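Both backbone and side-chain heavy atoms feed into the values below; hydrogens, waters and symmetry mates do not. In this text the structure is predicted, and so the values were computed from the model without any measurement.
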Amino acid sequence: MEVLFTPWRYSYLTSPKSETNAECIFCTAAKTGNPRETLTLYRSAEALVMLNRYPYTNGHLMVAPIAHQARLFDSTDASLRALIRLTAEAQRILSDVYHPDGFNVGMNFGQIAGAGIADHYHMHIVPRWAGDSNFMTVTARTRLVPEDLGVTFDKLQPYFKKTANE
Ligand SMILES: [Zn+2]
């Protein structure tokens with residue numbers, strides 16, 4: 001289990017330290033008029049999905065509630081439902097587009113647990129392939145990120161648009 005929830009620790013270590021008055025990236029994504037710039041693939045009234053700017057693998061997504069909240073138990077039922085529903089959609093879309101061998105899906109709460117942005121909780125969805133970077137390469141600070149984020153965005157966004165219109 002420890003290994004499962006270690007991958008995104010890397011993002012925490014390498015993300016620029018957030019300035020105290022810097023806007024939360026999820027809140028920015030929740031109201032941006034430029035989804036591509038913020039890598040926001042889809043947004044509803046309750047939840048959004050975006051690409052991780054420091055991906056662990058291709059297609060590393062994050063699903064977050066629109067509400068700026070740090071803990072699951074601060075959320076409304078509608079928000080929780082939307083979050084898990086969007087997580088399920090994201091997993092389906094990633095399966096269709098990237099055909100991964102498996103997934104790590106999980107959440108970190110608090111910086112001690114590896115949360116890069118502790119004030120606004122979010123679900124990580126990390127597709128995994130046999131032979132992709134493993135725990136050892138993460139601790140050695142070596143990443144395997146062959147695909148440009150803009151390419152990933154353009155590949156995935158139409159699927160989320162389609163989902164929204166269904
Ligand atoms: Zn926020």
Side-chain angles (χ1 to χ4, degrees), residues 5 7-12 14-100 103-111 113-128 145 147-166:
F5 292 95
W8 34 87
R9 176 91 182 140
Y10 180 85
S11 305
Y12 166 64
T14 56
S15 299
K17 287 276 170 275
S18 57
E19 291 137 46
T20 42
N21 56 357
E23 172 103 290
C24 160
I25 63 161
F26 300 108
C27 287
T28 301
K31 61 189 178 204
T32 184
N34 189 345
R36 198 169 201 281
E37 190 181 81
T38 55
L39 301 174
T40 309
L41 290 162
Y42 174 73
R43 187 168 66 187
S44 72
E46 295 286 352
L48 62 85
V49 59
M50 63 195 292
L51 290 178
N52 190 319
R53 201 170 286 278
Y54 308 96
Y56 177 63
T57 64
N58 285 342
H60 179 170
L61 303 183
M62 297 184 295
V63 179
I66 297 295
H68 182 85
Q69 277 160 341
R71 306 171 300 187
L72 288 171
F73 55 89
D74 294 326
S75 285
T76 62
D77 284 354
S79 180
L80 292 170
R81 233 187 339 264
L83 185 93
I84 200 70
R85 184 68 247 165
L86 193 49
T87 302
E89 281 306 314
Q91 187 181 33
R92 183 176 67 80
I93 289 167
L94 287 171
S95 294
D96 288 350
V97 176
Y98 286 105
H99 309 287
F103 287 91
N104 290 121
V105 177
M107 308 176 92
N108 303 319
F109 293 90
Q111 293 202 343
I117 297 156
D119 293 343
H120 193 143
Y121 76 80
H122 48 283
M123 184 85 83
H124 289 270
I125 306 168
V126 184
R128 301 299 304 267
V145 186
E147 189 173 78
D148 180 79
L149 284 174
V151 172
T152 309
F153 186 87
D154 292 339
K155 214 181 261 185
L156 293 175
Q157 198 197 30
Y159 288 86
F160 282 98
K161 269 190 180 150
K162 190 162 166 276
T163 294
N165 294 331
E166 274 170 5

In terms of ring plane angle, is the pair Phe160 and Tyr42 parallel, tilted or perpendicular, where the classes change at 30° and 60°?
parallel
Shortest non-hydrogen separation from Pro158 to Asp154 and the atoms involved:
CD-O, 3.2 Å
Determine the minimum heavy-atom distance between Phe109 and Ala70, stating which atoms define it.
CD2-O, 3.3 Å
Here the gap from Arg85 atom CZ to Leu83 atom CG, rounded to the nearest 0.5 Å, amounts to 12.0 Å
Gln69 side chain to Asp74 main-chain N or O, any donor-acceptor pair under 3.5 Å?
yes
Any chance you could lay out the side-chain contact (heavy atoms from CB on, under 4.5 Å) test for Leu41 and Leu51, step after step, and finish with the verdict?
CA-CA 7 Å; Leu41 290 162; Leu51 290 178; 4.1 Å; yes
Do you know the tightest heavy-atom contact between Ala118 and Gly110?
CB-CA, 4.1 Å
Check against side-chain contact (heavy atoms from CB on, under 4.5 Å), Ile66 and Arg43
CA-CA 8 Å; Ile66 297 295; Arg43 187 168 66 187; 3.9 Å; yes
Distance check, rounded to the nearest 0.5 Å: Ile125 atom CD1 versus Thr87 atom OG1?
4.5 Å
Search all heavy atoms of Thr40 against all heavy atoms of Met50 and return the closest pair with its distance.
CA-CB, 3.9 Å
Quick check: does any side chain N or O of Thr57 sit under 3.5 Å from a backbone N or O of Pro127, one acting as donor and the other as acceptor?
yes
Is Thr152 reaching over with its side chain to a backbone N or O of Asp148, donor-acceptor style, under 3.5 angstrom?
yes
Examine distances only and state if a side-chain atom of His120 and a backbone atom of Pro65 form a donor-acceptor pair shorter than 3.5 Å.
yes
How long is the straight-line distance from OG1 of Thr76 back to CD of Glu46, given to the nearest 0.5 Å?
5.0 Å
Would you say the side-chain atoms of His99 pair up with the backbone N or O of Leu94, donor to acceptor, closer than 3.5 Å?
no
Gap between atom CE of Met107 and atom CE of Met62 - 0.5 Å precision:
11.5 Å
Run the numbers on Glu23 and Lys31 for salt bridge (Lys or Arg N to Asp or Glu O under 4.0 Å), then give the verdict.
CA-CA 11 Å; Glu23 172 103 290; Lys31 61 189 178 204; 2.8 Å; yes
Looking only at heavy atoms, which two atoms of Gln111 and Gly116 are closest? And how far apart?
NE2-O, 4.5 Å
Any donor-acceptor pair under 3.5 Å linking the side-chain atoms of Tyr121 with those of Ser75?
yes
CG of Asn108 to NE2 of His124, rounded to nearest 0.5 Å, is 5.5 Å
Separation between CZ (Arg53) and CG (Leu149), nearest 0.5 Å, reads 7.0 Å
Search all heavy atoms of Thr38 against all heavy atoms of Thr28 and return the closest pair with its distance.
CG2-CG2, 4.1 Å
Does Gln91 form a side-chain contact (heavy atoms from CB on, under 4.5 Å) with Leu61? I'd like the steps, not just the answer.
CA-CA 9 Å; Gln91 187 181 33; Leu61 303 183; over 6 Å; no
Step by step, would you call His122 with Ile25 a side-chain contact (heavy atoms from CB on, under 4.5 Å)?
CA-CA 11 Å; His122 48 283; Ile25 63 161; over 6 Å; no
